[in-house]
Amino acid sequence: MFNLKAKKVFITGGSKGIGAACVKYFAMAGASVGFTYNESLASASKLEKRFSKITKCKSYKVDICDEVQIKNSILSFIKDFGGIDILVNNAGIWREGKIGKLSLEKWEETLRINLTSMFLFTKYAVPQMKLKHYGKIINISSTAGQRGEAHYSHYAASKGGMISFTKSLAAELGQFNINVNSVAPGWVLTDMSKSVLTNKKSLEEELKKIPLKRIATADDIAGPVLFLASDLSRHINGEILNVNGGSVLVG
């Protein structure tokens, strides 16, 4: 049911964490996969080499604050792979910023990386999807975008914007047979969160809030992404799929 051999998938921020897990899952499902990275050349090269053994897999170095580089990466992928069927907007940052100390520079950096880059990748992928009258766009948002998050208002704002963007495009692009959905993780054990989750006291406090009493792995998020990219989800559009162990019960 998850045979995606004919599909061409582009994943942003695919060299580590949730993005790398998505690269793995799509490659294992037989899809052709391209992914972006910025600084993690060693990780990207290792990932590309590993999955090139079972499918077509290629990495693209992209500064996601640069519109020209974003546009060129999408156009290069379309040229290299012969089209684009699935776009996974995953790239992002999560950095603390208490409101009294949060600078305009840090605010704009977070919105530019988390929200504006997603808009730009989508902008340049959609015309090709319209031509084929087919597409799947999956945006990796967050529970923070649904409930807010103290000390991370800039991050929550970026993810809240992503959720609204998802619903807006679902309404706009459905007529072209393009499904737009989002996966909203809670805590996930990745490099981005390890500073908190490797602290025993912090980990215990967070586990108390999660009915399943565990922290998600990157694979726990990649599975739902794969589902939304498959034909099993063909009538799901504009959905925010929560993957948080029951810690935030919102739709």
Side-chain angles (χ1 to χ4, degrees), residues 1-14 17-36 47 50-58 73-74 77-91 118-119 121-142 162-185 188 216-244 251:
M1 288 187 177
F2 287 104
N3 185 335
L4 298 176
K5 286 184 178 179
K7 304 304 181 186
K8 304 168 184 68
V9 185
F10 190 82
I11 300 166
T12 71
I18 293 170
C22 288
V23 171
K24 177 179 71 173
Y25 270 50
F26 278 105
M28 291 173 63
S32 299
V33 183
F35 64 94
T36 72
L47 206 63
R50 176 184 176 188
F51 292 112
S52 289
K53 297 176 181 178
I54 60 175
T55 189
K56 185 172 182 180
C57 184
K58 186 172 181 179
S73 70
I74 290 289
F77 175 81
I78 291 171
K79 181 180 178 180
D80 294 339
F81 288 75
I84 181 169
D85 301 303
I86 299 160
L87 171 65
V88 180
N89 284 306
N90 165 74
M118 175 209 60
F119 152 67
F121 278 112
T122 303
K123 173 184 176 179
Y124 292 113
V126 162
Q128 180 70 19
M129 292 179 175
K130 283 184 175 181
L131 285 175
K132 295 184 66 175
H133 200 70
Y134 177 87
K136 300 269 191 173
I137 300 171
I138 301 106
N139 301 318
I140 309 301
S141 58
S142 170
M162 180 181 286
I163 287 170
S164 294
F165 183 78
T166 296
K167 293 180 178 182
S168 297
L169 284 197
E172 180 177 337
L173 299 178
Q175 63 181 309
F176 302 103
N177 195 34
I178 299 172
N179 299 64
V180 188
N181 293 291
S182 176
V183 170
V188 185
T217 66
D219 282 8
D220 289 325
I221 311 305
V225 172
L226 189 69
F227 164 69
L228 288 175
S230 76
D231 286 340
L232 293 176
S233 67
R234 67 180 185 177
H235 206 60
I236 298 176
N237 193 33
E239 179 64 28
I240 312 304
L241 179 56
N242 298 290
V243 188
N244 59 42

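The residues of the chain are indexed from 1 along the displayed sequence. Since the model is a prediction, treat every value here as computed from it, not as a measurement.
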Taking it one step at a time, do F26 and K7 satisfy side-chain contact (heavy atoms from CB on, under 4.5 Å)? CA-CA 9 Å; F26 278 105; K7 304 304 181 186; over 6 Å; no

Derivation of the side-chain contact (heavy atoms from CB on, under 4.5 Å) call for Y25 and V225: CA-CA 9 Å; Y25 270 50; V225 172; over 6 Å; no

Could you walk me through whether N179 and E239 pass the side-chain contact (heavy atoms from CB on, under 4.5 Å) test, one step at a time? CA-CA 10 Å; N179 299 64; E239 179 64 28; over 6 Å; no

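Looking only at atom types and distance, the side chain of S141 has a donor-acceptor partner in the side chain of S182 under 3.5 Å away.
Checking side-chain atoms of N242 against main-chain N and O of N244 turns up no donor-acceptor pair under 3.5 Å. Of the possible polar contacts, one joining the D85 side chain to the K8 backbone as a donor-acceptor pair under 3.5 Å is found. Between the side chain of N181 and the main chain of L228, no donor-acceptor pair closer than 3.5 Å is present. In this structure a side-chain-to-backbone donor-acceptor pair under 3.5 Å is present from N90 to T12. Of the possible polar contacts, none joining the S142 side chain to the A184 backbone as a donor-acceptor pair under 3.5 Å is found. Within the 3.5 Å criterion, the main-chain N or O of D80 finds a donor-acceptor partner in the side chain of K56.
The heavy-atom pair separating G17 from A218 by the smallest distance is O-CB, 3.6 Å. Of all heavy-atom pairs between I18 and P185, the closest is CD1-CG, 4.4 Å. Scanning all heavy atoms of the two residues, the minimum distance from I74 to Y124 falls at CG2-O, 3.4 Å. Annotation for G34 and F77: closest pair N-CE1, 3.6 Å, computed over non-hydrogen atoms. Nearest approach of T36 to G13, heavy atoms of both residues: OG1-N, 2.8 Å. A27 approaches T55 most closely through the heavy-atom pair CB-CG2, 3.8 Å.
Contact of the V126 side chain with the L87 side chain is not registered, since no non-hydrogen atoms from C-beta on lie closer than 4.5 Å. Using a 4.5 Å heavy-atom threshold, the side chains of V9 and V23 count as separate. In this structure the side chain of M28 never reaches within 4.5 angstrom of the side chain of L226, judged on heavy atoms. The shortest side-chain heavy-atom distance between L173 and M129 does not fall under the 4.5 Å cut-off. For the pair D220 and V188, the minimum side-chain heavy-atom distance is 4.5 Å or more. Using a 4.5 Å cut-off on side-chain heavy atoms (C-beta onward), N177 and K132 make no contact. Under the 4.5 Å side-chain criterion, counting only non-hydrogen atoms from C-beta, F121 is in contact with S73. K24 has its side chain within reach of D219: a pair of non-hydrogen atoms, C-beta onward, lies under 4.5 Å apart.
A distance of 9.0 Å separates NZ of K136 from CZ of R234, quoted to the nearest 0.5 Å. Considering CD1 of I138 and SG of C22, their distance stands at 8.5 Å, rounded to 0.5 Å. To the nearest 0.5 Å, the span separating CZ on F119 from CE on M162 amounts to 13.5 Å. Taken from CD1 in I78 to CZ in F10, the straight-line distance is 9.0 Å, to the nearest 0.5 Å. Separating the CD1 atom in I137 from the CD1 atom in I178 is a distance of 6.0 Å, to the nearest 0.5 Å. Put simply, CE on M118 and CD1 on I140 are 11.5 Å apart, with the number rounded to the nearest 0.5 Å.
Residues forming a side chain to side chain donor-acceptor pair (under 3.5 Å) with S32 (at least two apart in sequence, or on another chain): none.
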